[in-house]
Chemist: 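Pasting a structure below so you can have a look.
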Amino acid sequence: MSAKIIDGKAFAADVRARIAGHVARLKEENGITPGLAVVLVGEDPASEVYVRSKGKATIEAGMNSWEHKLPADTPEAELLALIERLNGDRRVHGILVQLPLPKHLDADLVINAIDPAKDVDGFHISNVGLLGTGQKAMVPCTPLGCLMLLRDQLGSLAGLEAVVVGRSNIVGKPMAQLLLGDNCTVTIAHSRTRDLAAVCRRADILVAAVGRPEMIAGDWIKPGATVIDVGINRVERDGRTRLVGDVDFAGCAKVAGAITPVPGGVGPMTIACLLANTLTACCRANGLAEPEGLTA
Ligand code: NDP
């Protein structure tokens with residue numbers, strides 16, 4: 001194994017400690033406490049786990065945390081009324097509606113009802129447009145976390161060939177926009193891409209966000225490349241359930257220069273960036289300088 005293993009857990013812990021420091025100063029010097037409201041509709045067990053860990057991380061950072069749990073059959077008008085209330089609540093700087101929503105609710109309508117300045121997931125159409133036009137936006141947490149890891153590893157990304165495999169609205173597309181913003185030459189690959197292996201072999205930076213266990217093989221990697229594995233896939237192996245990424249870790253680590261593991265790579269950065277976005281939203285709402293190194 002030759003690649004450096006990128007320790008996302010340690011890096012995320014460092015980001016969270018820096019955020020906690022900022023929050024403490026905001027409280028002391030400005031009397032302001034950043035606050036995040038998370039809305040969960042229904043009882044999806046995975047969503048409940050995510051919401052609980054987001055709330056815990058928010059409190060650990062010294063921020064205010066509110067959890068709004070609504071029954072699965074909540075009418076759309078009721079959910080929209082809650083969002084309207086949170087939009088108008090000055091103590092709330094970030095609003096996150098946990099996805100997926102039950103089928104009777106229109107997720108686009110709900111997300112676009114959030115005040116874009118409080119849209120800490122960066123999914124509001126205004127933030128998508130701002131990011132796409134290179135303006136100051138709230139940036140989706142997972143790609144922002146990947147960007148932070150890449151900048152930490154490589155310094156300037158200017159001129160590097162970046163390949164993003166996956167074109168979802170929550171990971172692939174915003175990731176590509178962020179890499180373009182950092183002056184990479186960007187290719188977005190997807191299920192219709194011809195000769196994906198050859199496309200990947202061009203990459204100085206390869207970001208895999210596909211959702212297919214260990215699809216990216218070692219001989220798809222350019223020697224020395226930096227490989228960011230966003231995938232989280234549950235597989236049965238040796239009678240146990242294990243988490244693996246979209247990248248064949250053992251095979252790719254022999255060729256890459258640096259690589260994120262799964263778990264312990266990108267995953268921990270997602271919550272760290274949710275906290276970063278909440279802090280950024282709070283600073284912007286109060287006309288204060290944004291913390292350095294926590295935004296795109
Ligand atoms: P989506 O299912 O929304 O998108 C997957 C993308 O992969 C699509 O664009 C699809 O292409 C592409 N794809 C599928 N099969 C192939 C293939 N054989 N070759 C090339 N491209 C392919 O997934 P997400 O973006 O939401 O998530 C991707 C992965 O990242 C998942 O494993 C998810 O669990 C994980 N994830 C991890 C997070 C974290 O915190 N670490 C956060 C969010 C997601 P097409 O558009 O053509 O169908």
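One-based numbering along the sequence shown. Read the numbers this way: they start at 1 and go in the same order the structure lists the ligands and their atoms.
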Chemist: Do ligand 1 and Asp246 have nitrogen or oxygen atoms that lie under 3.5 Å from each other?
Modeler: no
Chemist: For Glu28, is the CD atom crowded, meaning more than 12 foreign heavy atoms sit under 6.0 Å from it?
Modeler: no
Chemist: Around atom NZ of Lys56, are there more than 12 heavy atoms from other residues, nucleotides or ligands closer than 6.0 Å?
Modeler: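 At most 12 heavy atoms, drawn from other residues, nucleotides or ligands, come within 6.0 Å of this atom.
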Chemist: Can you confirm, on distance only, whether ligand 1 has an N/O atom lying under 3.5 Å from any N/O atom belonging to Arg192?
Modeler: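 Between Arg192 and ligand 1 (N or O atoms, distance only) the closest approach is not under 3.5 Å.
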Chemist: Closer than 4.0 angstrom: is that true for some heavy atom of Ala189 and an atom of ligand 1?
Modeler: no
Chemist: Checking contacts here: is it the side chain or the backbone of Leu196 that comes within 4.0 Å of ligand 1, counting heavy atoms only? Could be both or neither.
Modeler: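 It is the side chain that gets close, since no backbone atom is under 4.0 Å.
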Chemist: To the nearest 0.5 Å, what is the distance between CG (Leu206) and CD1 (Ile221)?
Modeler: 5.0 Å
Chemist: Quick one: which ligand 1 atoms are inside 4.0 Å of a heavy atom on Ile170?
Modeler: 26 (O)
Chemist: Within the 4.0 Å heavy-atom shell around Gly267, which atoms of ligand 1 are there?
Modeler: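 Those qualifying, in numeric order: 41 (N).
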Chemist: Could you establish whether Asn233 and ligand 1 come within less than 4.0 Å of each other, counting only heavy atoms on the residue side?
Modeler: yes
Chemist: Select one of side chain, backbone, both or neither to describe which atoms of Val230 lie under 4.0 Å from any atom of ligand 1, heavy atoms only.
Modeler: both
Chemist: Provide, to 0.1 Å, the distance between atom 44 (C) of ligand 1 and the closest protein heavy atom, together with that atom's residue and name.
Modeler: Val171 CG2, 4.0 Å
Chemist: Non-hydrogen atoms of Gly172 versus ligand 1: any pair closer than 4.0 Å?
Modeler: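 Not so, Gly172 does not reach ligand 1.
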Chemist: For ligand 1, which atoms sit closer than 4.0 Å to a heavy atom of Gly166?
Modeler: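 Here the atoms of ligand 1 in question are 6 (C), 7 (O), 9 (O).
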Chemist: If we set the cut-off at 4.0 Å for heavy atoms, which region of Met215 has an atom near ligand 1: side chain, backbone, both, or neither?
Modeler: side chain
Chemist: Just distance, no hydrogens or angles: give the donor-acceptor pairs under 3.5 Å from side chains in residues 29-47, sequence neighbours left out.
Modeler:
{"from": "Asp44", "atom 1": "OD2", "to": "Ser47", "atom 2": "N", "distance (Å)": "3.0"}
{"from": "Asp44", "atom 1": "OD2", "to": "Ser47", "atom 2": "OG", "distance (Å)": "2.8"}

Chemist: Show the atoms of ligand 1 that are less than 4.0 angstrom away from any heavy atom in Thr270.
Modeler: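 Under 4.0 Å from Thr270, ligand 1 has these atoms: 39 (C), 40 (O).
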Chemist: Judged on heavy-atom distance to atom 24 (P) of ligand 1, which of Gly265, Ser168, Ser191 sits nearest?
Modeler: Ser168
Chemist: Which residue owns the protein heavy atom closest to atom 8 (C) of ligand 1, what's the atom, and how far is it?
Modeler: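 Checking every protein heavy atom, the shortest distance to atom 8 (C) of ligand 1 gives Arg167 N, 4.0 Å.
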Chemist: Do the side chains of Met138 and Leu147 join up, straight or via other hydrophobic residues, at under 4.5 Å, putting them in one cluster?
Modeler: no
Chemist: Could you tell me the residue and atom name of the protein heavy atom closest to atom 42 (C) of ligand 1, and the distance to it rounded to 0.1 Å?
Modeler: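 Nearest protein contact, heavy atoms only, for atom 42 (C) of ligand 1 is Thr142 OG1, 3.3 Å.
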Chemist: Could you tell me which non-hydrogen atom of Val15 sits nearest to which non-hydrogen atom of Ala272, and how far apart they are?
Modeler: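 The answer is CG1-CB, 4.1 Å.
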Chemist: Looking only at atom types and distance, does a side-chain atom of Asn112 sit under 3.5 Å from a main-chain N or O of Ile125, one as donor and one as acceptor?
Modeler: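 Between the backbone of Ile125 and the side chain of Asn112 there is a qualifying donor-acceptor contact (under 3.5 Å).
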Chemist: Between Val210, Asn169, Val266, flag the one that comes closest to atom 23 (O) of ligand 1 by a heavy atom.
Modeler: Val210
Chemist: Considering only heavy atoms, does Ile232 approach ligand 1 within less than 4.0 Å through its side chain, its backbone, both, or neither?
Modeler: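 Ile232 to ligand 1: contacts from backbone and side chain alike.
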Chemist: Is Asp238 salt-bridged to Arg240, cutoff N-O under 4.0 Å?
Modeler: no
Chemist: Return the residue, atom name and 0.1 Å-rounded distance of the protein heavy atom closest to atom 15 (N) of ligand 1.
Modeler: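 Looking only at protein heavy atoms, the one closest to atom 15 (N) of ligand 1 is Arg212 NE, 2.8 Å.
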Chemist: So, Lys9 side chain and Gly264 main chain: donor-acceptor pair closer than 3.5 Å or not?
Modeler: no
Chemist: I'd like to know if the side chain of Asp229 reaches the main chain of Asp246, judged simply by a donor and an acceptor atom lying under 3.5 Å from each other, with no hydrogens or angles considered.
Modeler: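 A pair under 3.5 Å: yes.
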Chemist: Got a second to check how far Ile95's CD1 is from Thr278's OG1, nearest 0.5 Å?
Modeler: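 Between Ile95 CD1 and Thr278 OG1, I get 10.5 Å after rounding to 0.5 Å.
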Chemist: For atom 31 (C) of ligand 1, what's the nearest protein heavy-atom neighbour? Residue, atom name and distance, please.
Modeler: Gly211 CA, 3.6 Å
Chemist: Taking only residues two or more places apart in sequence, or in another chain, which ones meet Gln135 in a side chain to side chain contact (heavy atoms under 4.5 Å, CB included)?
Modeler: Leu130, Thr133
